[in-house]
Amino acid sequence: MIQEERVEALNAMERRKGKYVLYWMQASQRAQCNHALEYAIVQADALGIPVVAFFGITDSFPEGNQRHYKFMLEGLRDAKRSLEKRGIQLVIQRCSPERGASMMSRDAALAVVDRGYLRIQKAWRRDGAAAMDCPLLQVESDVVVPVKEASPKEEYSAATIRKKLRRKLTSYLVPLKEARPLADSLALDFESFPVEDVEQALSHLEVDRSVQPVPVLRGGSEEAGRHLEIFLDEKLEHYAEFRNDPTRSYLSLMSPYLHFGQISPLHIALRISGSGAADAEAYLEELIVRRELGINFVFYNDRYDTFASLPDWAIGSLKAHGQDPRPYRYSRREFEEGNTHDPYWNAAQREMVLRGKMHGYMRMYWGKKILEWSSTPEEAYQTAIYLNNKYELDGRDPSGFMGVAWCFGKHDRPWGERPIFGNIRYMNAGGLKRKFDADGYVQLVRRWESQNAEVGAEGNDLPR
DNA sequence: ATCGGCTCGCGCAA
DNA sequence: TGCGCGAAGCCGAT
């Protein structure tokens, strides 16, 4: 079911005769549980024409590097294969997405695009819509509840959006029907950037190669589905108990796949929900409430990647303590190399640099300490955003921007005033030790690093 | 081990 | 206008 609240016309063009319906794939890089794709199929069937899918790959996505591109190409390879099985051609071109999409729209009756919430994604859609002579319809496919339906404004906390989201779940937490288009587009003649051989495709892109691809996770909808099944079979029943213990592997690993749209949050939620068990509820809290709070944040707050996005009380309090002496002070480079005095912080940083993913619990401690050990809170904020975007596979994602902001007071309440932090919630290493074997975590990261140095990617398995 | 205070402001009840 | 309560905690008192 495609609720009409998911659909929005991005320009005022009239429908016209055309050879196909264009699905401009951008955020939802998958063939399964994709409302935008299904919407395009419904439109095409009604017009008696096929669907052509298009993806524009730009070498210069801001802060994108080889690590991200490889993961994305693995996903595009899966998407192309899966679409072909349904008789839909995926045309991939090296170009700025909105320009490629508008070129491809010339022979289209209408165009459909998925929704993105970041500045650049909004700009691409706006510019694409303006350049097209046919209608461009946006269909929101990477959230359970459409962002404007969840709330008409920037939310103050998880508590405020939680109630609003819960009220809407009966309408939106429902399966999407998938169809094979009546007309096939495989025979249409288009040039496409080949992605079947991912290494070769990667070598043809002129991207930043300073960060290595990750040894553990491979991209694509197929891998996403495999990890989801492992999570459901082996991990979900202990999720509430172990999710905040980074020495155990009890997370779903969905966030990189969600970031690239290689899996649908609706699909995950439908697989999880129903039991009502505490573990399922805890997971749905992360998947829906927390994730869609992040989307609310970046959608309504244009300064989502800066210190200025914080609430007034946090900015005032941090500024009032801007001159407080810092017990330790590190440069961006010292942080980046994981060379602080704190073995727990260094372990978290190195986990991220090596594996493209930092454990959720450690992300909080990591950000809080960057604030504590930087010259100014503004500099700390920039450092955290820079490192997160560069190394995390799910960097440059609403959840990541929100995660950094939370460490600086966003979506949180004020706490007892103290040096440097002011009223921002404080965390220290004692908290880690109370919750899990913090020294065991340091050892674990060391093992990952030495395994990676010795045998390369093959020996690098997840902890059990 | 457990508990209250820390401190601001949203959102709803009245 | 008043009041309850909040993304993951810390700290000191008991």
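Values reported hereafter were calculated over all heavy atoms of this structure, with side chains retained and with hydrogens, waters and symmetry mates removed. Proteins come first, then strands; the chains are lettered A, B, ... in the order of their sequence lines, and each starts at number 1.
- At least one donor-acceptor pair closer than 3.5 Å links the side chain of A:D324 to the backbone N or O of A:I420.
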- CA sep, side-chain torsions, deciding dist, call: A:F260, A:F71, ring-ring contact (aromatic ring centres under 6.0 Å, His included): CA-CA 8 Å; A:F260 288 99; A:F71 200 88; 5.6 Å; yes

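- In this structure, A:N244 reaches the bases: a heavy-atom distance under 4.0 Å links it to at least one base atom across the strands shown.
- For DNA chain B, runs of at least 3 consecutive pairs of the Watson-Crick or G-U wobble type, with both hydrogen-bonding distances under 3.5 angstrom, map to B:1-6 with C:9-14, B:8-13 with C:1-6.
- Relative to the ring axis of A:F299, A:K122 places its NZ or CZ within 45° and under 6.0 Å from the centre.
- Counting non-hydrogen atoms under 4.0 angstrom, A:E154 reaches nothing in the nucleic acid.
- Atom-to-atom, NE2 of A:H411 to C1' of B:dC10 comes out at 13 Å; the value is rounded to the nearest Å.
- Distance alone, capped at 3.5 Å, is enough to place a donor-acceptor pair between the A:D114 side chain and the A:S28 backbone.
- The distance between atom CZ of A:R166 and atom C1' of B:dG11, rounded to the nearest whole Å, is 19 Å.
- Taking 4.0 angstrom as the limit, A:K368 places none of its side-chain polar atoms (N or O) nearer than this to OP1 or OP2 of C:dG9.
- Residue A:M362 is out of contact with every strand shown, counting any heavy-atom pair closer than 4.0 Å.
- Per the geometry, NZ belonging to A:K435 stands 16 Å off P belonging to C:dA7, to the nearest Å.
- With hydrogens and angles ignored, the 3.5 Å screen pairs a side-chain donor or acceptor of A:N428 with a backbone N or O of A:G431.
- Atom OH of A:Y426 is separated from atom P of C:dC10 by 8 Å (rounded to the nearest Å).
- The closest donor-acceptor contact from the side chain of A:Q262 to the backbone of A:S221 lies at 3.5 Å or more, if one exists at all.
- Rounded to whole Å, atom C1' of C:dG9 lies 14 Å from atom CD of A:E372.
- Summarising the geometry, the separation between CZ on A:F297 and P on C:dA7 is reported as 16 Å, rounded to the nearest angstrom.
- A cation-pi arrangement is not found for A:K368 relative to A:W373, the charged atom failing to lie both closer than 6.0 Å to the ring centre and inside a 45° cone about the ring normal.
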- Quick one, give me the B/S/- string for nucleotides 3-8 of chain B, reading 5' to 3', where B means a protein heavy atom under 4.0 Å from the base and S means that only happens at the primed atoms, P, OP1 or OP2. ---BBB

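- Between the P atoms of C:dC10 and B:dG9, the separation comes to 24 Å (whole Å).
- Distances shown here put every side-chain N or O of A:R162 at or beyond 4.0 Å from the OP1 or OP2 atom of C:dG6.
- In this structure, A:K433 places its NZ atom 13 Å from P of C:dC11, rounding to the nearest Å.
- The phosphate of C:dC11 (OP1 or OP2) has a side-chain N or O of A:N428 nearer than 4.0 angstrom.
- An OP1 or OP2 oxygen of C:dA7 is reached within less than 4.0 angstrom by a side-chain nitrogen or oxygen of A:S157.
- B:dG4 and C:dC5 have their C1' atoms separated by 15 Å, with the value rounded to a whole Å.
- Annotation: cation-pi geometry satisfied between A:R418 and A:Y426 (NZ/CZ under 6.0 angstrom from ring centroid, within 45° of ring axis).
- Following rounding to the nearest Å, A:F421 (CZ) and C:dC10 (P) show an atom-to-atom distance of 11 Å.
- Nucleotides C:dG12 and B:dT7 are separated by 14 Å at their P atoms, to the nearest Å.
- Distance alone, capped at 3.5 Å, places no donor-acceptor pair between the A:R329 side chain and the A:P327 backbone.
- An OP1 or OP2 oxygen of B:dG11 is reached within less than 4.0 angstrom by a side-chain nitrogen or oxygen of A:K153.
- Of the possible polar contacts, none joining the A:R326 side chain to the A:Y328 backbone as a donor-acceptor pair under 3.5 Å is found.
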